[in-house]
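A quick write-up on the structure given underneath.
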There are 2 protein chains.
Amino acid sequence: MLKLSKKADYGLMALQHIASNQYGDVAHARVVNTKEIAEEYHIPVELLAKVLQTLSKSGIIESHNGPKGGYLLGKNPREITIAHVLESLEGPLGIMDCSHEKDGDACMQREHCNIRTPLLKIQNSIYQLLNNMTLQDMLGGTPLITIQSVATEQQGVER
Amino acid sequence: MLKLSKKADYGLMALQHIASNQYGDVAHARVVNTKEIAEEYHIPVELLAKVLQTLSKSGIIESHNGPKGGYLLGKNPREITIAHVLESLEGPLGIMDCSHEKDGDACMQREHCNIRTPLLKIQNSIYQLLNNMTLQDMLGGTPLITIQSVATEQQGVER
DNA sequence: TGATCTCCGACCAAATCAGTCGTACAAAAG
DNA sequence: CTTTTGTACGACTGATTTGGTCGGAGATCA
């Protein structure tokens, strides 16, 4: 549950890649294009293209047309929050349908709804989580891992 | 994005209702049936039934057959975590597809995947959030509200 | 001018989800 | 002990969302 879409996955991967090439060892910014990223991560090109276009509209990246064109980061990695990326790709964060509706309409059970307040609280916490993490955080400490001790076995999950 | 399913919504509402009737003012436990809940919250009966069945299998509630039958909580509200409820209704928590897969299979981009570790961290934080909140927390402070000052006007959500 | 690349719209197929129908079973009533 | 009532339960179906595809137009550089 709460799985995020492929678009989001691809978008984050692409951003990480772009950022690496732009702020990596070499000083000069390198423009990377859609095809390059798609091949590197085995992503369908056209879909990735659409994702990048969306990110471009949101100002997260800049597009450069023509041959030798491609994408560059629109701002500093520290300024790019995960929340912003995800929201621009998947729409606004909303745990439940009635997250940001005006008063009474559209929700039959609204007046009797007993779970709205606590759920809003959860939603807000998640938002803060995503809003406090930036692309920069995804660059630095990514040592290929094996943290599986965290949430794998412990909970008595029935399958 | 990250919206949870109707099943989850209905399940939480129903649990809140059951808990209220069982641990409310009156000392004796009152058995509530599917139809009652469905009418109260305007939920399609059969769908709610299925949800309750699932919760019953997970041991979160107990079912009682026959006339005057219905449902009761399977444990104390403090023992019932939101995480458990949601996972039993929507499957295990997984921000990304490769959340709990064993090593190399099933994910083409796995070896080049640069976002797995940070995303796992986020996922784990969300899990803790859901795991620390119990049904009890949804009972106490739910004063029927008309808190519309929170998320109506202001888009820029702070804390 | 021609080749290469991004941009943009519409389009299709597969998977998931919300909701429905019919049956089996347990408890109360006669 | 049989009937009747109301429940749980599981299989089934329709609708919405999502992942992925296709074709063309505009911009830039050699």
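Any value given below was found using the heavy atoms of this structure, including those in side chains, with hydrogens, waters and symmetry copies removed. Letters A, B, ... are given to chains in the order of the sequence lines, protein chains preceding strands, and every chain is numbered from 1.
For the atom pair CD of B/Glu40 and CE of B/Met13, the computed distance is 11.0 Å after rounding to the nearest 0.5 Å.
B/Glu36 places its CD atom 14 Å from the C1' atom of D/dG6, with the value rounded to the nearest Å. At whole-Å resolution of the value, CG in B/Leu89 and P in C/dT16 are 17 Å apart. Between A/Ile61 atom CD1 and C/dT6 atom C1' the separation is 11 Å, expressed in whole Å. The CG atom of B/Asn65 sits 12 Å away from the C1' atom of D/dT5 (whole-angstrom rounding). Per the geometry, NZ belonging to B/Lys35 stands 19 Å off P belonging to D/dC9, to the nearest Å. For the pair A/Gln53 CD and D/dA27 C1', the computed distance is 14 Å after rounding to whole Å. Rounded to whole Å, atom P of C/dA18 lies 16 Å from atom CE of A/Met96. The CE-P distance, from B/Met13 to C/dA18, rounds to 12 Å in whole Å.
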Atom pairs, protein N/O to nucleotides 19-22 of chain D N/O, distance under 3.5 Å:
| from | atom 1 | to | atom 2 | distance (Å) |
| --- | --- | --- | --- | --- |
| D/dG19 | OP1 | A/Lys6 | N | 2.7 |
| D/dG20 | OP2 | A/Tyr10 | OH | 3.3 |
| D/dG20 | O6 | A/Lys50 | NZ | 3.1 |

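Heavy-atom contacts from other residues, nucleotides or ligands closer than 6.0 Å to NZ of B/Lys75 number more than 12.
Where A/Lys68 and A/Lys57 each meet DNA chain C at their nearest nucleotide, the meeting point lying more 5' is that of A/Lys68. Where B/Pro67 and B/Gly70 meet DNA chain D, the nucleotide closest to each residue was compared, and B/Pro67 sits on the side nearer the 5' end.
Contact check, B/Ser63 against D/dT7: no side-chain N or O comes under 4.0 Å of OP1 or OP2. Distances shown here put every side-chain N or O of B/Tyr71 at or beyond 4.0 Å from the OP1 or OP2 atom of D/dT7. The side chain of B/Asn33 places an N or O atom within less than 4.0 Å of a non-bridging phosphate oxygen (OP1 or OP2) of D/dT7.
Taking all atoms of both residues into account, the shortest heavy-atom contact from A/Ala8 to A/Leu89 is CA-CD1, 3.9 Å. Closest non-hydrogen pair, A/Asn33 versus A/Gly69, comes out as CB-O, 3.9 Å.
Hydrophobic cluster membership for B/Val45: none, as no Ile, Leu, Val, Met, Phe, Trp or Tyr side chain comes under 4.5 Å of it.
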Between B/Glu79 and B/His84, does the side chain to side chain donor-acceptor pair (under 3.5 Å) criterion hold? Intermediate values first, please. CA-CA 10 Å; B/Glu79 311 287 331; B/His84 189 197; over 6 Å; no
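Side-chain contact between A/Leu120 and A/Asn124 is absent, with no heavy-atom pair separated by less than 4.5 Å.
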